[in-house]
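Just follow the structure's listing: the first ligand is 1, and inside any ligand the first atom is 1.
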Amino acid sequence: MTESSQRTVAQALVAGLCAQRVTLAFAVAGESYLAVLDALFDVRDQLRLITCRHEANAANMAEATGKLTGRPGVCFVTRGPGACHASIAIHTAQQDATPLVVFVGQVASTDVGRDAFQEIDYQAMFGAVAKGVFTLVDPARTSTLVETAFDMAMSGRPGPVVVSLPEDILEAPCAAPIARRIDRVEVPLQEAAVRTVLQRLCDAKRPLLWIGGSGWSAIGVAALERFARAWHLPVVSAFRRKDLFANSHLSYVGEAGFVLGQGAKQALAEADVILALGTGLGDVETAGYTRLDPTRTASSLLHIAMRGLDLNRVFPVSYGVIASPASAALQLADRPAPQRLPWQSWTRQCRALYEQDLLPVAVTGHVNLSEVFLELRRQLPADSIVTNGAGNYAAWLHRFFEHGQYGTQLAPQSGAMGYGVPAGIAAALLQPTRRVVAVSGDGCFMMAAQELVTAAAYQARVIFLVVNNQSFGTIRMHQDHRFPGRTMATDLVNPDFVALSEASGVSATRVLKTDEFSYALRDALAADGPRLIELVTSVNDIAPDRQLQSRH
Ligand SMILES: Cc1ncc(C[n+]2csc(CCOP(=O)(O)OP(=O)(O)O)c2C)c(N)n1
Ligand SMILES: [Mg+2]
């Protein structure tokens, strides 16, 4: 490492990232931050920079890193066009509360405001999405800025931070000491809040636990499970947060996603007290803010939120406090459960309904996704990571694939297509001993398919599952409902996915019948490098228990 007296800003910045113990970062190179690339050269054994083929993917890989590790994922993109491409992950990190630090190139500070080549006012562009947007203006503050960016990204409700790097500053000398390592500060519940929450649950006839949010940990999730078991509480997880609670646990009654399973439906309909822990009670999980009745929540909803802004925001609460979800779970689990738990049989009923939804459903096509995802569960080790993006294929995955452990689901609550592939690659590079399956639709996959070569180049052990129904199926479903018989802009003409994959250096196979999947998966799991399995499905099987009405 370069002596501090001779260090440049770029070198101090990179030293600051090493101090945060960033071991993997993602980039598409740009001439606007050459000095940073050069500084990364010196630490390449310590901090691996992954060369990506599109900034959306580089930024999504960083976002997935934040989701998986709880510490900010890091990416570097060039000014203007690079920053525009990366913006999708900044949006996802904002919606999903993921710690993320995006470094973007910027024109020389002397040219700012002159409409210079690829210039963008990042404050104006990202100000409404990112938690913070900073420009490195003073070389002496380089390390402080790294600390600030990491702290802001991780603290409270985590989120994205953008740091812009004017080209001329990067090679300036920087005498500042290297940044300190920053850790997330956990905010516990006050003692009075612990007592109030537990008393309200104790007084209830049918209390329900609704979990979500970010900043969790394996210890926090284990505490949650202890708490729910001791109190026999039914537990609903927020949209795409199924890994916050072992799905096989007898308390788990389902996900509040676009669709509400029978168990979660009954639990939500009949609960007289709801403890919302971590979740912001967002649009999707509340079905457009309709799953709760605001005239009742004022007396029945207890909300432990990640930040004050979320309290009373969409539903009036009966009792609201701010705390880190994992800390709160540990504190609640530490207290003894009451002797009498009169809602036990109700919890069992909700659970039985949840289990019914796990039975495979009938389809019209040759590949049945309910059987496919049940088989995926059977074959994958419990700690395997499953990723996805947006599309109706994900409805099948979320319903039939059960998560058994914390940190096994990487899925965008923002509903961004093109997320599963980069998230899968990032997960495989970060945790090479775990199995990773990246699930995509044909539409979703083609938004990130260029990273197959990245998976091949780094031999990332990902199994890409591509559900090919030759359609932007989700949109087709809505058309079918709203404008029957008038299919527009949703039929897809795809490449040969197996050939595309093979040409990119990833061996592939095509599954035409449900029965073939089991063998294809076993074969892919035995491989050392990436593999792709295409599943040819019928668009008519648009969702579990739902067929298209207007067919071609
Ligand atoms: C970046 C982005 N663009 C567009 C959309 C709108 N959208 C949501 S799902 C979807 C279709 C997804 O198609 P596919 O991946 O093939 O999944 P399917 O629904 O067919 O299973 C579209 C276009 C989106 N959510 N994200
Ligand atoms: Mg599709």
Side-chain angles (χ1 to χ4, degrees), residues 54-60 63-64 84-96 129 239-240 257-259 282-284 361 363-370 372-373 386-401 411-424 437-451 464-483 487-497 500 510-511 532-548 551-552:
H54 193 299
E55 289 86 354
N57 301 322
N60 275 330
E63 202 278 348
C84 290
H85 275 172
S87 61
I88 189 164
I90 296 170
H91 179 249
T92 293
Q94 187 274 326
Q95 293 241 304
D96 292 33
V129 194
F239 178 48
R240 297 187 168 164
F258 281 108
V259 179
D283 186 356
V284 176
V361 296
V363 297
T364 60
H366 297 300
V367 171
N368 184 334
L369 289 178
S370 61
V372 162
F373 292 125
V386 178
T387 74
N388 65 271
N392 262 40
Y393 69 90
W396 295 86
L397 172 70
H398 298 333
R399 171 150 160 197
F400 294 102
F401 185 85
Q413 291 185 298
S414 66
M417 288 170 74
Y419 183 85
V421 167
V437 176
V439 189
S440 310
D442 47 336
C444 206
F445 181 73
M446 286 302 288
M447 290 197 183
Q450 65 274 59
E451 302 301 340
F464 300 101
L465 288 189
V466 181
V467 179
N468 182 6
N469 60 4
Q470 296 180 60
S471 174
F472 284 142
T474 302
I475 315 305
R476 176 75 200 280
M477 175 180 74
H478 291 301
Q479 281 176 340
D480 184 61
H481 179 61
R482 297 273 311 283
F483 304 102
T487 301
M488 189 66 190
T490 51
D491 284 345
L492 296 178
V493 178
N494 288 316
D496 177 329
F497 287 117
L500 175 77
R510 181 173 292 123
V511 164
L532 182 142
I533 301 174
E534 177 191 356
L535 298 155
V536 180
T537 61
S538 164
V539 71
N540 292 321
D541 300 318
I542 197 64
D545 304 321
R546 181 167 177 174
Q547 249 97 51
L548 287 180
R551 302 181 186 177
H552 288 297

Report task. Could you please spell out the steps behind the side chain to side chain contact (heavy atoms under 4.5 Å, CB included) verdict for Tyr419 and Ser414? Result -> CA-CA 10 Å; Tyr419 183 85; Ser414 66; over 6 Å; no
Report task. Please step through side chain to side chain contact (heavy atoms under 4.5 Å, CB included) for the pair His366 and Val536, ending with a clear verdict. Result -> CA-CA 8 Å; His366 297 300; Val536 180; over 6 Å; no
**Report entry** Protein N/O/S atoms closer than 2.8 Å to the Mg ion (ligand 2)
**Finding:**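 Protein N/O/S atoms under 2.8 Å of the Mg ion (ligand 2): Asp442 OD1, Asn469 OD1, Ser471 O.
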Report task. Considering only NZ, NE, NH1 and NH2 on the basic side and carboxylate oxygens on the acidic side, decide whether Arg399 and Asp545 come within less than 4.0 Å. Result ->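 Looking at Arg399 and Asp545, the cut-off is met.
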Query raised in the report: Heavy-atom distance under 4.5 Å between the side chains of Asn368 and Trp396, does that happen here?
Result: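 Asn368 reaches Trp396 side chain to side chain.
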Requested in this report: Would you mind reporting whether Phe400 and Leu369 have side-chain heavy atoms less than 4.5 Å apart?
Outcome: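 SC-SC contact between Leu369 and Phe400 ruled out.
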Identify all N/O pairs between ligand 1 and the protein with a separation under 3.5 Å and present them as a table of atom names and distances.
unit_1, atom_1, unit_2, atom_2, d
ligand 1, 15 (O), Gly443, N, 3.4
ligand 1, 15 (O), Cys444, N, 2.8
ligand 1, 16 (O), Asp442, N, 3.3
ligand 1, 16 (O), Asp442, OD1, 2.6
ligand 1, 16 (O), Gly443, N, 2.8
ligand 1, 16 (O), Ser471, O, 2.9
ligand 1, 19 (O), Asn392, N, 2.7
ligand 1, 19 (O), Gly473, N, 3.3
ligand 1, 19 (O), Thr474, N, 2.9
ligand 1, 19 (O), Thr474, OG1, 3.0
ligand 1, 20 (O), Asn469, OD1, 3.2
ligand 1, 20 (O), Asn469, ND2, 3.0
ligand 1, 20 (O), Ser471, O, 2.9
ligand 1, 20 (O), Gly473, N, 2.7
ligand 1, 21 (O), Asn392, N, 3.2
ligand 1, 21 (O), Tyr393, N, 2.9
ligand 1, 25 (N), Gly415, O, 2.8
ligand 1, 26 (N), Met417, N, 3.3

Query raised in the report: What residues form a side chain to side chain contact (heavy atoms under 4.5 Å, CB included) with Thr474, not counting sequence neighbours?
Result: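 Only Asn392, His478 meet the side chain to side chain contact (heavy atoms under 4.5 Å, CB included) criterion with Thr474.
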Query - For Val466, all residues meeting side chain to side chain contact (heavy atoms under 4.5 Å, CB included), sequence neighbours excluded - result: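 So Val466 forms a side chain to side chain contact (heavy atoms under 4.5 Å, CB included) with Phe445, Phe497, Leu532.
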Query raised in the report: Among side-chain atoms of Thr537 and Asn469, is any donor-acceptor pair under 3.5 angstrom?
Result: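 No, because no side-chain N or O of Thr537 sits under 3.5 Å from a partner of the opposite role on Asn469.
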Query - Working for side chain to side chain contact (heavy atoms under 4.5 Å, CB included), residues Arg240 and Asn388 - result: CA-CA 10 Å; Arg240 297 187 168 164; Asn388 65 271; 3.7 Å; yes
